[in-house]
Q: 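Below you will find the structure I want to go over with you.
Counting starts at 1 for both ligands and their atoms, in listed order. Only heavy atoms go into these numbers, but all of them, side chains included; no hydrogens, no water, no symmetry mates.
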Amino acid sequence: MRHILPAMIAAAVLPAVAGAATPRLAVVISVDQMRADYLDRFAPHFVEGGFGRFRSGANFPQCFYRHGVTKTGPGHAVIMTGVHANVHGIIGNEWKLPTWPNVEEVNCVEDRQAALVGLEPRAVRSPGGVLESKSGRSPRHLLAATVGDQLKARHGAAARVFGVADKDRAAILMSGAAADGAYWTEEGRVVTSTFYRPALPDYLAAFNAEQRPAKVFGATWDRLLAPAAYEQIQGPDDAEGESTKYGLGRTFPRRLDGGSGAPAKDFLEAFDHSPWNNDLVADLAKAVIDEEHLGQDDGAPDLLAIGFSQPDKIGHGYGPDSHEVMDSFLRLDRTLADLFAFIDAKVGLANCVFVLTADHGIPPTPERRAAAGLPGGRVRAADFDGPVTSALAARFGAAPGGQAWAVRDGLGYRLNPAALAETKASREEAEELVADTLRRQPNVASVYTRAQFLGAAPLDAAGEAMRLSFHAQRSPEVFAVLQPFFFDRTEIGVSHGQPYDYDQHVPLAWFGAGIKPGRHDARVGVDDVAPTLAGLLGLQAPVPAARGRPLF
Ligand SMILES: [Zn+2]
């Protein structure tokens with residue numbers, strides 16, 4: 001009896017539950033640089049039906065990235081694969097290739113074989129000439145399957161999978177290699193690449209023909225609510241440490257013209273920093289849902305991943321305690337409420353499952369920290385080059401053929417294997433020498449080496465997080481971690497990317513089909529999202545060896 005009973009329960013209960021609750025459409029929303037605390041901090045001014053649906057859904061306020069390189073590409077790759085860079089291979093937003101002696105850099109979604117589609121004719125040219133051309137894009141650097149890939153593997157053409165986002169890496173890495181489409185924006189236009197299709201579908205060509213950015217040229221971005229509402233939560237509008245780029249200035253109201261009086265490159269940057277950018281992405285999502293009939297049949301489930309990156313851009317410029325960030329989230333809340341109403345009308349919210357998370361968080365600006373008498377600051381990683389180069393030259397002499405012994409890659413260093421081999425210098429010794437040199441640099445907290453990451457010895461918390469960000473074939477040999485509240489950025493504003501709570505702590509909340517509302521205070525990981533969503537869609541987790549676990 002003891003052996004039969006569980007099997008009988010499984011047979012009787014599981015299919016009924018899965019059949020009743022399997023959603024027609026899964027909507028994955030990543031808000032770039034959304035800190036976990038924003039969901040509560042700005043809640044007094046949220047409308048009904050926006051972020052509030054997540055707050056009152058299945059809410060996991062203690063969700064953290066387990067990895068250390070808390071950047072956009074690595075984060076978006078975790079969300080839908082459930083694994084970290086040690087498996088998914090997206091070790092940064094860009095990294096260097098070991099093409100010695102001329103080391104090249106590659107973007108995490110770069111693919112020269114997959115040209116951009118939809119950028120010509122250009123909407124705007126800078127007065128000085130042609131805007132910078134971009135190489136092609138595809139998910140070829142992503143080494144792990146996504147939930148979308150699983151859905152396509154299980155149901156084939158009956159399941160439709162799309163990614164739409166402001167940033168290429170969000171749309172591409174959250175949808176995956178088998179996606180039906182990934183769309184993102186360049187210069188205020190919707191684009192894709194030949195990896196997905198040779199031309200934009202007609203409905204997106206029409207979308208671009210509307211020239212949405214041009215329509216708001218010269219428009220005013222002011223606070224949605226009275227200034228006192230912002231001052232109460234965030235402090236004063238004008239604060240030290242805020243950016244003044246793209247003609248946006250430090251205070252509200254601001255005119256959206258790029259500071260140049262012409263709809264040129266700086267205007268498009270200003271547009272990208274404005275809430276209209278989120279509206280464009282939401283309208284793109286609506287167009288894809290409508291035209292691709294997502295969730296509008298009884299067949300296999302469909303999946304739509306949506307990435308909003310305006311909050312990251314404005315957050316870098318103004319910091320988490322700014323009026324700019326608060327207003328961006330209040331407006332995104334209204335944008336989401338409108339998007340959910342649209343999906344309700346098209347598909348029915350009860351037929352969908354929604355999940356909200358983010359690719360990383362952000363620390364306060366150093367100026368905000370300093371005002372409270374607390375440490376924090378900006379680090380110029382290039383300042384490490386001199387001491388590292390000198391140490392290598394002092395120990396090993398000049399590298400053969402005028403080559404470099406090492407090249408910096410983010411906050412790490414790659415060693416030149418051919419130069420080391422030619423002079424019979426030990427790779428381990430060179431690693432240790434660079435690591436020791438970095439440990440003596442100001443505001444460096446710890447340094448880890450390839451030998452440590454590949455070894456069996458446990459590391460401290462930051463080291464274990466960095467180990468998850470280390471890919472044996474792709475990563476540099478030596479990697480520095482900065483002191484808390486220091487970050488790799490020289491210009492005014494703030495940045496993320498370190499293995500600390502303020503960068504790792506992000507929202508995680510669900511609502512919709514099969515989701516029981518409730519607050520769950522257990523500490524969970526963003527790598528739990530993919531196995532959880534896969535389970536809700538009746539699929540196995542995309543990567544079997546993943547550490548993440550289904551939350552329901
Ligand atoms: Zn960022």
Q: Can the positive tip of Arg331 be found less than 6.0 Å from the middle of the six-membered ring of Phe329, inside 45° of the ring normal?
A: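 Ring-cation test returns no.
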
Q: Return the set of protein N, O or S atoms whose distance to the Zn ion (ligand 1) is under 2.8 Å, each given as residue and atom.
A: Asp312 OD1, Asp312 OD2, His316 NE2, His496 NE2

Q: Do the charged groups of Asp40 and Arg55 touch, with an N to O distance under 4.0 Å?
A: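 Salt bridge flag = yes for Arg55 with Asp40.
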
Q: Run the side-chain contact (heavy atoms from CB on, under 4.5 Å) test against Ala461 and tell me which residues pass, sequence neighbours left out.
A: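 None.
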
Q: Side chain to side chain contact (heavy atoms under 4.5 Å, CB included) with Pro311: which of Val325, Ile362, Val31?
A: Val31

Q: Do Glu491 and Arg378 meet the salt-bridge criterion of a basic N to acidic O distance under 4.0 Å?
A: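 Glu491 and Arg378: not salt-bridged.
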
Q: How long is the straight-line distance from OG1 of Thr146 back to CG of Leu533, given to the nearest 0.5 Å?
A: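 Going from CG on Leu533 over to OG1 on Thr146, the span is 10.0 Å.
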
